[in-house]
Number of protein chains: 2
Amino acid sequence: MPAPLIPKQEVVDRVMTVFRQHGFEGATLSRIAAATGLGKASLYHYFPGGKEDMANVLLDATAAWMELHVTKPLSGTAPPRERIAGMLKELDALYDGGDAACLLGTLAVGTSRSLFKKRLQAIFDEWIGALARTLMEAGLDRRSARERAEDTVARIEGALILAQGRGDTAPFRRLIRQLADELVPD
Amino acid sequence: MPAPLIPKQEVVDRVMTVFRQHGFEGATLSRIAAATGLGKASLYHYFPGGKEDMANVLLDATAAWMELHVTKPLSGTAPPRERIAGMLKELDALYDGGDAACLLGTLAVGTSRSLFKKRLQAIFDEWIGALARTLMEAGLDRRSARERAEDTVARIEGALILAQGRGDTAPFRRLIRQLADELVPD
DNA sequence: GTCTATAATAGGATAGAC
DNA sequence: GTCTATCCTATTATAGAC
């Protein structure tokens, strides 16, 4: 059996980049083929179900990323403030300081939303839930923790939208800094 | 000359709904024709430049809406807190309590971003600028006012993304309430 | 595992009648 | 101002050779 030109993980990574930049509808097979160096037909070897299959694999990867870089650090034994700082550092890297869009945000907007509603909901809820649990450990009551977690995720997603729409990542970077200081009450 | 089936403003409104729900790429001529009750060819009577023309008309409408419902109320003589409450009430109506997406947000995501970058930037900046000026009148220094205005717009956009992605408008509605109370320092 | 070739469809847009 | 008919292109997807 011939060796793949690039490893499967690399294919997934490049497809991820195209989807985050262009959204579901804008991620055409032509663009994806160009980004991966594969022919259009070869993409069906990796993703037999076509574009919908691709998006689901990317959502798998995102769910796994969240588990590894958000849920796990937030479930540690360090002080809540440090755990949250860890999460923020990972998010800053994922979003490249605000330059890179969020897959969840791009899929939540437009027609693709209805295709992936359940999965988007599940991943957002895991993110919010993990954050809320940590905030409760830091002393917030259940409702405040939940609300603050929801608000935090919204602020991050909004700062990314603003970065895309205005070409200015400063609000995102400032947010990451502020959250490290202010998310956990003294 | 035959009378139009529906007034031009009504056509624009319905096209707006399609773009906000489906995004630029998802707003196909078929969908737009169905939503307006016009044939595809008839749409070129209203928008000779096709889809890009449509999006620009919608951005015109959005800029005008901002001028009327954000900049103008924020430039009034009432106490800053009341002016901001006025803006928030209008935004709550525009976004239908969180159920309706933001045109700016949908255009800022995906491939359409590059087509409309300048205009998105201009409208976001007008919104942020008007809010920052009011916050300065309320006593904030220039930089704090600016940062708080940017953060506020980001929170609103993010809450809308979250509403779309999770099917839960509670964070958006809570945000509107909170901002009325907390945006202007006592 | 990757390719060329090709289908089948949908999308954006135009011409010209009424 | 709206329509039918049509065109061109891009897009997704499949078949089958290597």
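Naming convention: chains lettered A, B, ... in sequence-line order (proteins, then strands); numbering from 1 in each chain.
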Below 3.5 Å between N/O atoms, which protein atoms pair up with nucleotides 12-18 of chain C? Just atom names and distances, please.
residue : atom : partner : partner atom : Å
C:dG12  : OP1  : B:K51   : NZ           : 2.7
C:dG12  : OP2  : B:L29   : N            : 2.6
C:dA13  : OP2  : B:Y44   : OH           : 3.0
C:dA13  : OP2  : B:K51   : N            : 3.2
C:dA13  : O5'  : B:Y44   : OH           : 3.1

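- Salt bridge absent: B:R173 and B:D92 never bring a charged side-chain N and a carboxylate O closer than 4.0 Å.
- Here the side chains of A:I123 and A:F116 are not in contact, with every heavy-atom distance at 4.5 Å or above.
- Cation-pi geometry between A:K8 and A:Y46 is not satisfied (NZ or CZ under 6.0 Å from the ring centre, within 45° of the ring normal).
- Electrostatic pairing of A:R146 and A:E150 counts as a salt bridge here, judged by a charged N lying under 4.0 Å from a carboxylate O.
- Between B:H45 and D:dT2 there is no side-chain N or O to OP1 or OP2 distance below 4.0 Å.
- Residue B:K8 contributes atom NZ, which lies 15 Å from atom C1' of D:dT2 at whole-angstrom precision.
- Taking 4.0 angstrom as the limit, A:S42 places a side-chain polar atom (N or O) nearer than this to OP1 or OP2 of C:dC3.
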Go through the steps to decide whether B:E10 and B:R14 satisfy the test salt bridge (charged side-chain N to carboxylate O under 4.0 Å, His left out), and finish with yes or no.
-> CA-CA 6 Å; B:E10 181 66 23; B:R14 295 191 190 186; 2.8 Å; yes
